[in-house]
Amino acid sequence: MVKRLSSYQQGEELIHRQIDVALGDRSYPIYVGRAMTASFAQTCAGHGIPDRIVIVTDTNIAPYYLQAFRKNLREFKFNVTSIVIPPGERQKSLRQANAIFTEMLKSGVGRRSAVVALGGGVIGDLSGFVAATYQRGLSLVQVPTTLLAQVDSSIGGKVAVNHPLGKNMIGAFHQPKFVWTDTDCLRTLPKREIICGIGEIVKYGLIFDAGFFAYLESNLERLLDLDPETVLHVQTRCSELKAEITSKDERETGIRTVLNLGHTVGHALEAAGHFQLLKHGEAVLLGMMAESYIAREMGLIHDDAHDRIVQLIRRIPVKFRRGDVRSSDVLRLMSHDKKSIAGKKRFVLPIRIGEVQVVEDVDHSLIRASLSDILRVNRSD
Ligand SMILES: NC(=O)c1ccc[n+]([C@@H]2O[C@H](COP(=O)([O-])OP(=O)(O)OC[C@H]3O[C@@H](n4cnc5c(N)ncnc54)[C@H](O)[C@@H]3O)[C@@H](O)[C@H]2O)c1
Ligand SMILES: [Zn+2]
């Protein structure tokens with residue numbers, strides 16, 4: 001459900017929407033808009049966030065946004081501690097979580113405190129994990145600053161750190177008190193990170209909503225250029241879809257698994273590139289092409305729909321050179337994925353634009369052929 005809020009003007013027009021995640025007594029709103037920082041503290045107070053706040057962010061984000069949040073919170077008499085860590089996926093570790101625990105203990109952060117995760121998915125997952133476990137759990141506010149975090153990772157309560165033996169292996173479900181999505185943050189985000197966010201956005205259209213997929217076909221360039229109306233529409237629709245699926249299956253025991261479209265192949269592509277050649281969202285884009293190829297070969301999706309999927313994804317400038325990733329590595333890594341059931345690889349495959357099906361029996365040779373297809377299609381030389 002989307003509500004238009006009557007918010008006050010602050011120079012520039014404030015477009016402000018609210019999408020609710022319905023989870024009984026753990027329900028919470030996602031606020032989407034622009035130029036929102038000035039009303040953050042007031043919103044915290046309105047949600048009963050404790051006076052003691054720990055902001056966790058990284059060294060890329062802090063210079064742009066930390067000061068404004070601190071100032072706004074202090075004006076409202078919040079007692080603020082800031083913890084600034086280095087950027088990057090490697091920080092999503094027990095070691096970094098422990099360093100944050102130490103800093104919180106030394107600063108005397110008690111149980112009546114809240115964690116504000118100011119950053120992308122790495123900060124959201126890591127500080128969400130800290131909030132879930134520190135002194136048996138603190139309140140959490142998600143302030144996503146990347147497109148991927150705004151449309152996906154800040155919503156739904158999945159928080160985790162990585163283990164040397166696997167990504168997101170140590171974690172919890174810990175829902176935030178609210179999500180604060182200010183699209184102005186995207187202006188400072190590198191282009192490659194915008195592309196990563198678009199990976200998850202295309203995924204939503206392909207899984208749930210043919211109309212939204214068609215909107216992306218018509219508005220892709222506007223989205224890449226961060227046209228404000230387009231960004232707002234996309235944020236709202238994706239937040240709504242993520243909110244709906246979270247409400248239906250909070251702990252991913254059923255329907256929420258469809259969100260793994262593009263991820264079965266994508267995770268293996270990421271790992272085969274040692275998490276350096278391809279970023280998560282880029283790998284998901286390629287993964288969706290491969291999975292659409294598999295679906296077409298299995299007779300599950302029409303050629304026309306498959307062509308539309310491939311054409312849309314190929315318009316997104318993912319940098320990927322011949323020989324960067326080897327099919328044999330991807331195949332090997334797929335057999336280790338934690339989402340296999342009894343050794344069988346589970347695939348979420350598109351069966352038309354806006355609808356997917358979970359399939360457990362996919363022929364090995366088909367997977368191999370799909371990889372040759374995407375690795376060939378994306379050769380830039
Ligand atoms: N919990 C979930 O449901 C969920 C869902 C999807 C992904 N994830 C996780 O999200 C992580 C990826 O998140 P991400 O793509 O946001 O990457 P990220 O958090 O690493 O951020 C990408 C880069 O952008 C920088 N940055 C962030 N915001 C900025 C801004 N406004 N301006 C300038 N620079 C900025 C960061 O410092 C970083 O270098 C992965 O660890 C993935 O596992 C979690
Ligand atoms: Zn993802």
Side-chain angles (χ1 to χ4, degrees), residues 21 37 56-66 68-69 84-93 96 117-129 132 140 142-163 166-176 179 181-204 207 226 238-239 242-243 245-246 250-252 256-267 269-271 275-276 278-288 339 348:
V21 183
T37 312
V56 181
T57 191
D58 76 30
T59 51
N60 287 337
I61 300 153
Y64 295 119
Y65 307 109
L66 180 57
F69 277 94
V84 184
I85 66 166
E89 182 72 27
R90 285 185 53 187
Q91 304 307 318
K92 246 178 76 171
S93 63
Q96 183 55 260
L118 174 64
V122 164
I123 290 291
D125 282 11
L126 168 70
S127 32
F129 174 77
L140 171 68
Q142 290 279 8
V143 184
T145 62
T146 63
L147 186 57
L148 183 140
Q150 294 188 343
V151 297
D152 191 352
S153 62
S154 64
I155 309 163
K158 285 208 304 189
V159 298
V161 294
N162 301 327
H163 185 277
K167 194 168 147 71
N168 296 330
M169 284 293 146
I170 317 295
F173 287 92
H174 191 63
Q175 301 294 346
V179 180
T181 294
D182 188 334
T183 61
D184 282 351
C185 287
L186 303 178
R187 289 192 201 146
T188 55
L189 196 63
K191 193 78 179 179
R192 193 169 173 195
E193 301 299 340
I194 303 289
I195 290 167
C196 286
I198 294 177
E200 304 286 1
I201 291 165
V202 169
K203 184 189 83 174
Y204 284 114
I207 300 173
L226 297 179
C238 293
S239 300
K242 182 87 190 252
I245 198 92
T246 303
E250 185 184 8
R251 289 181 166 253
E252 202 173 317
R256 190 165 166 179
T257 189
V258 298
L259 293 178
N260 288 315
L261 175 73
H263 286 62
T264 306
V265 174
H267 277 153
L269 283 165
E270 257 184 295
F275 297 96
Q276 296 194 333
L278 282 169
K279 286 180 171 274
H280 178 75
E282 296 171 328
V284 170
L285 282 165
L286 296 171
M288 283 189 289
K339 285 182 175 119
V348 181

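Nothing fancy with the numbering, it's 1 onward along the sequence. Atoms within a ligand are numbered from 1 in the order they appear, just like the ligands themselves. Everything numeric here is computed off the predicted structure, so don't read it as measured data.
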Note to self: Closer than 4.0 Å to some heavy atom of K242 - which atoms of ligand 1 meet that?
What the structure shows: 3 (O)

Check: In the protein, what heavy atom is nearest to atom 28 (N) of ligand 1, and what distance, to one decimal place, separates them?
Finding: T145 OG1, 2.8 Å

Check: Hey, does the side chain of Y65 reach the backbone of L118 with a donor-acceptor pair shorter than 3.5 angstrom?
Finding: no

Checklist line | Sub-4.5 Å side-chain heavy-atom contact between T59 and P87 | finding: yes

Next item on the list: Check A149 against G119 and note the closest heavy-atom contact, atom names and distance.
Entry: CB-O, 4.2 Å

Next item on the list: Could you tell me the residue and atom name of the protein heavy atom closest to atom 7 (C) of ligand 1, and the distance to it rounded to 0.1 Å?
Entry: L148 CD2, 3.7 Å

Checklist line | Under 4.0 Å to a heavy atom of Y65 - the qualifying atoms of ligand 1, by number | finding: 31 (N)

Note to self: Pairing donors with acceptors under 3.5 angstrom, does anything connect the side chains of Y64 and T145?
What the structure shows: no

Margin query: I want to know if ligand 1 touches I155 in the polar sense, i.e. an N/O pair below 3.5 angstrom.
Written below: no

Margin query: Looking only at protein heavy atoms, which one is nearest to atom 29 (C) of ligand 1, and what is the separation?
Written below: L189 CD1, 3.4 Å

Notebook entry, point to check: What's the shortest heavy-atom distance between C238 and V151, and which atoms?
Noted result: CB-CB, 3.8 Å

Check: So, do E200 and L259 sit near enough that their side-chain heavy atoms are less than 4.5 Å apart?
Finding: no

Check: Side chains of F275 and R90: does their closest heavy-atom pair fall under 4.5 Å?
Finding: no

Note to self: Please check whether R256 reaches ligand 1 - meaning an N/O of the residue sits under 3.5 Å from an N/O of the ligand, judged on distance alone.
What the structure shows: no

Note to self: If we only consider heavy atoms of K167, is any one of them less than 4.0 Å away from an atom in ligand 1?
What the structure shows: yes

Item checked: Shortest protein contact, atom 14 (P) of ligand 1 (heavy atom only) -> G121 N, 3.5 Å

Check: Can you find an N or O of G119 that's nearer than 3.5 Å to an N or O of ligand 1?
Finding: no

Next item on the list: Answer yes or no: is there a side-chain heavy-atom contact under 4.5 Å between K242 and D152?
Entry: yes

Margin query: Measuring only between side-chain heavy atoms, which start at C-beta, is L126 closer than 4.5 Å to I85?
Written below: yes

Next item on the list: Identify, by atom number and element, the atoms of ligand 1 in contact range of P87, meaning under 4.0 Å from any of its heavy atoms.
Entry: 37 (O), 39 (O)

Next item on the list: Identify, by name, the N, O or S atom of H280 lying closest to the Zn ion (ligand 2).
Entry: NE2

Next item on the list: Could you tell me the residue and atom name of the protein heavy atom closest to atom 37 (O) of ligand 1, and the distance to it rounded to 0.1 Å?
Entry: D58 OD2, 2.7 Å

Next item on the list: Taking all heavy atoms of K92 and all of N168, pick out the closest pair and write down the distance.
Entry: NZ-OD1, 2.6 Å

Item checked: Option with minimal heavy-atom separation from atom 39 (O) of ligand 1, where the choices are T59, N60, V161, D125 -> N60

Item checked: Those atoms of ligand 1 less than 4.0 Å from some heavy atom in T146 -> 14 (P), 16 (O), 21 (O), 27 (C), 28 (N)

Check: Nearest to atom 18 (P) of ligand 1, what protein heavy atom do you find, and at what distance?
Finding: V122 CG2, 3.9 Å

Item checked: T188 N/O to ligand 1 N/O under 3.5 Å -> yes

Note to self: If you measure every N or O of G88 against every N or O of ligand 1, does any of those distances drop under 3.5 Å?
What the structure shows: no

Item checked: E200 atom (N/O/S) at minimal separation from the Zn ion (ligand 2) -> OE2

Check: Going by heavy atoms in the side chains, are R251 and R256 under 4.5 Å from each other?
Finding: no

Check: Nearest protein heavy atom to atom 41 (O) of ligand 1, by residue and atom, and its distance?
Finding: E89 OE1, 2.6 Å

Next item on the list: Side-chain contact test, heavy atoms from C-beta onward, threshold under 4.5 Å: evaluate it for L226 versus I194 and give yes or no.
Entry: yes

Next item on the list: Tell me, please: is C185 in heavy-atom contact with ligand 1, that is, under 4.0 Å?
Entry: yes

Margin query: Is any side-chain heavy atom of V258 closer than 4.5 Å to one of I245?
Written below: yes

Checklist line | For atom 6 (C) of ligand 1, the option (of G128, G120, S153, A117) bearing the nearest heavy atom | finding: S153

